Amino acid sequence: MSVNSKRVFYVKYLANPIYVDILKARPDVRLDRIENESPEDFYAPILSAAHVYQIGAARDELAPHFHVDAALLKRTPNLLLVSSNGAGFDPVDVEACTAAGVLVVNQSGGNAHSVAEHALAMMLTLSKRIIQSDRKLRREANVNRNELVGNEIEHKTVGIIGLGNVGRRIAALCKGLFGMKVLAYDPYLSADVMAERGGEKVELDELLRRADFVSISCPLDKKSRNMISTREFALMQPHAYFITTARGFIHDEDALLQALRDKRIAGAGLDVWSKEPPPPEHPLLQFDNVLASPHTAGVTIEARQNMGRIAAEQVLDTLDGKRPPRIINPEVWPHYAERFKQAFGVTPG
């Protein structure tokens, strides 16, 4: 294969510089960087020649004209692979990619430990009322500690929605550290598989009714969008906490706001938002029983390095004709394989 014959590009950022180091070791691969503000005469030739788009997973950090949709796919006639930096792929229209014969992959599992630890940290902080204690101490003199009585999480019940890489890690931490009972809702997994991953398979309504903590760990798609809204918050126990480290739009922010105002639930830990980052005046940020972070659950040194490494390795394996392990749209494979052979003269598999 000739020098720089395989073209990869990204916009603005990568998960970790290790991605560049790994790709630079391959003389047949050229890596281009585009900025959100790059002029069209600079980025248009890059898009036109590209075989791979290494795309950011956060929709609001990427200029809209660099989101992968039908319009961008028309400008990338040679594109074979869209690879998300993270587990999520919000800026990617997967159906449009499938129609165009473009494979979509993510880096699921690469930040599972970090996200699971973040979810557990939110559970502990809320249950022990650490966030309220911190804020009171900063605002008031002579704080009465008896007004800040919290709860232990040992032997409580956690309900995990989505028992994939992150959800199963949350289950392991909750059971192993605190002897918690784990209920799980995941329509794509059997009861046996969920038991192996540490969870008891239940329907969503039962999970919401029984759990002391409800933790969202599923991907955002058409079925999960607004899955947790007014009806679902009403099913939760008044002492229960809602935790999400998944994606914005899975829960209805207005419905959560009303549930908190009505004291239908005890509080919330929110790492994901409909607009990221949320503005300081966001109404959910005005509650002392809401613990907030700006989509940083998976943003650790270890996770970023791991994500960058597995992303680079998966891209190179795919360009070498191997079937990648983290395909989002497997139904596209026959069409993709034909296009790959046209581009590089070999059939992938």
Side-chain angles (χ1 to χ4, degrees), residues 57-58 84 86-90 106-126 153 156-178 180-191 193-208 210-229 232-233 236 240-252 256 265 268-273 276 291-293 295-300 303 306-307 326 328:
S84 169
F89 40 92
D90 293 11
N106 67 357
Q107 316 314 319
S108 61
N111 63 0
H113 295 302
S114 294
V115 177
E117 288 178 5
H118 198 95
L120 184 60
M122 283 184 154
M123 290 168 57
L124 284 165
T125 301
L126 289 165
I153 71 172
K156 296 296 193 300
T157 298
V158 59
I160 303 173
I161 299 175
L163 209 60
N165 290 299
V166 173
R168 68 197 297 182
R169 182 59 182 158
I170 294 173
L173 290 172
C174 288
K175 292 187 75 170
L177 293 173
F178 300 106
M180 299 180 75
K181 183 175 183 59
V182 178
L183 306 177
Y185 170 72
D186 194 322
Y188 302 102
L189 299 176
S190 68
V193 170
M194 293 172 80
E196 290 173 1
R197 298 184 180 188
E200 175 189 342
K201 185 178 178 69
V202 296
E203 293 302 317
L204 179 60
D205 286 5
E206 182 181 354
L207 181 150
L208 295 168
R210 293 174 57 188
D212 300 302
F213 301 90
V214 173
S215 180
I216 309 295
S217 300
C218 63
L220 173 66
D221 56 27
K222 290 181 178 179
K223 291 184 179 180
S224 65
R225 183 176 289 268
N226 282 333
M227 177 172 59
I228 308 298
S229 192
E232 287 70 31
F233 284 120
M236 291 176 61
Y241 291 96
F242 175 75
I243 311 289
T244 179
T245 53
R247 280 294 185 274
F249 297 110
I250 293 176
H251 71 282
D252 181 332
L256 174 58
I265 61 174
L270 308 175
D271 184 55
V272 291
W273 307 80
E276 295 180 346
L291 178 59
S293 54
H295 206 155
T296 54
V299 182
T300 60
N306 195 37
M307 299 289 262
R326 301 175 182 86
I328 302 301

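The structure displayed is predicted, hence computed values, not measured ones.
In this structure, the salt bridge (Lys or Arg N to Asp or Glu O under 4.0 Å) partners of R210, at least two apart in sequence or on a different chain, are E200, E206. Judged as a ring-ring contact (aromatic ring centres under 6.0 Å, His included), and not counting sequence neighbours, F89 has no contacts. For the salt bridge (Lys or Arg N to Asp or Glu O under 4.0 Å) test, no residue two or more places apart in sequence or in another chain qualifies with E276. Taking F213 as the reference, Y241 meet the ring-ring contact (aromatic ring centres under 6.0 Å, His included) condition, with sequence neighbours excluded. The side chain to side chain donor-acceptor pair (under 3.5 Å) test applied to N111 returns no partner, not counting sequence neighbours. Qualifying salt bridge (Lys or Arg N to Asp or Glu O under 4.0 Å) partners for D252, counting only residues two or more places apart in sequence or in other chains: none. For S114, the side chain to side chain donor-acceptor pair (under 3.5 Å) partners at least two apart in sequence or on another chain are T300. Scored by the ring-ring contact (aromatic ring centres under 6.0 Å, His included) test, H118 finds no partners at all (sequence neighbours excluded). Partners of N226 under the side chain to side chain donor-acceptor pair (under 3.5 Å) rule, at least two apart in sequence or in another chain, do not exist in this structure.
A distance-only check finds no donor-acceptor pair linking the side chain of K181 to the backbone of A211 [under 3.5 Å]. Of the possible donor and acceptor atoms, one in the side chain of K201 sits under 3.5 Å from a partner among the backbone N and O of D186. Under the 3.5 Å distance criterion, the side-chain polar atoms of D212 are matched with a main-chain donor or acceptor of T157. Remark: side-chain polar atoms of S293 are not paired, donor with acceptor, to backbone N or O of T296 under 3.5 angstrom.
For residues 159-177, the set of pairs meeting the side chain to side chain donor-acceptor pair (under 3.5 Å) definition, not counting sequence neighbours, comprises H113-R169. Screening residues 216-225 for salt bridge (Lys or Arg N to Asp or Glu O under 4.0 Å), with sequence neighbours left out, gives E95-K222.
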Tabulate below the donor-acceptor pairs under 3.5 Å that side-chain atoms of residues 243-251 make, not counting sequence neighbours, or state none.
residue	atom	partner	partner atom	Å
T244	OG1	A246	N	3.4
R247	NE	D90	OD1	3.1
R247	NE	D90	OD2	3.3
R247	NH1	H295	NE2	3.2

Trace of the side-chain contact (heavy atoms from CB on, under 4.5 Å) decision for L256 with L270: CA-CA 11 Å; L256 174 58; L270 308 175; 3.7 Å; yes
